Amino acid sequence: NAGVTQTPKFRVLKTGQSMTLLCAQDMNHEYMYWYRQDPGMGLRLIHYSVGEGTTAKGEVPDGYNVSRLKKQNFLLGLESAAPSQTSVYFCASRPDRPGYEQYFGPGTRLTVT
Amino acid sequence: AQKVTQAQTEISVVEKEDVTLDCVYETRDTTYYLFWYKQPPSGELVFLIRRNSFDEQNEISGRYSWNFQKSTSSFNFTITASQVVDSAVYFCALSRFSGGGADGLTFGKGTHLIIQP
């Protein structure tokens, strides 16, 4: 049981390049989330999904797109990376029970130069 | 809008001292959940505790204890007899009660706890 995994662990992009971060969970969780963590800012919600085929915006969605084609996977895309998107990205999932804790992946460190 | 405030950016204590991390929250919801997560230097997020707004009982787990006071909108975390391994960034977080999954966590900015040997 791997829990929540994220690919890749590290990535360096040039401004304007695109990339996709992959999150996978093997716990059959309905809900999945993408957060970003910046120094001194805590974690902020980018997008979330309440089930396969559904996505919704969080607190800081601009510049990102997401897709949930399969229940176990939640993809985060950057179409045209900007230096302001340099951050650590965390994926999380949780079961369909109100207030249940979220399980986090190990994070992806992205640097945009 | 929801908000979580962790006013202590960094705390440094000597091993074996007790330390309390403060968390104050704002929400208009009557039903909500509060969480504490630990982020050690390795970077992963470790769940510590969940508390719902109906349950104001304090909780103790080994050297860790949590004090939830609805009257002051606070959910403070105390480590007794701190150890070097407790050094980490600790986050307090708030979520709405929602059966629809629209309850992403609102995090505080975190408190960096340094335990010196």
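Remember, it's a predicted structure, so these values are computed and weren't measured experimentally. Residue numbering restarts at 1 for every chain, and letters A, B, ... go by the order of the sequence lines.
Within a 6.0 Å sphere centred on CD of Glu79(A), other residues, nucleotides and ligands contribute 12 heavy atoms or fewer. Dense packing is recorded around NZ of Lys70(B), with more than 12 heavy atoms of other residues, nucleotides or ligands lying under 6.0 Å away.
Contact of Gln37(A) with chain B is made through the side chain alone, with heavy-atom distances under 4.5 Å.
At a heavy-atom separation below 4.5 angstrom, chain A is approached by Phe35(B), Tyr37(B), Gln39(B) within residues 35-42 of chain B. Of residues 46-65 of chain B, those residues lying under 4.5 Å from chain A by any heavy-atom pair are Phe47(B), Arg50(B).
When each of Tyr33(B), Phe107(B), Phe75(B), Tyr32(B) is paired with Tyr25(B), the ring-ring contact (aromatic ring centres under 6.0 Å, His included) condition holds for Tyr32(B) and for no other.
The distance from the OH atom of Tyr33(A) to the CG atom of Leu76(A) is 16.0 Å, given to the nearest 0.5 Å.
Shortest non-hydrogen contact noted between Glu52(A) and Lys71(A) is OE1-N, 3.4 Å.
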Scan the side chains in residues 106-113 of chain A for donor-acceptor partners under 3.5 Å anywhere in the protein, sequence neighbours excluded, and list what turns up.
residue, atom, partner, partner atom, Å
Thr108(A), OG1, Gln6(A), NE2, 3.4
Thr108(A), OG1, Pro8(A), O, 2.6
Thr113(A), OG1, Leu13(A), O, 3.3

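Looking at residues two or more places apart in sequence or on another chain, you find a side chain to side chain donor-acceptor pair (under 3.5 Å) between Tyr89(A) and Tyr64(A).
Neither Tyr35(A) nor Val60(A) shares a network with the other; the hydrophobic side chains, linked directly or stepwise wherever heavy atoms of I, L, V, M, F, W or Y lie under 4.5 Å apart, form separate groups for each.
Counting heavy atoms from C-beta outward, Glu15(B) and Gln83(B) have side chains that approach closer than 4.5 Å.
No side-chain donor-acceptor contact under 3.5 Å links Thr55(A) and Ser49(A).
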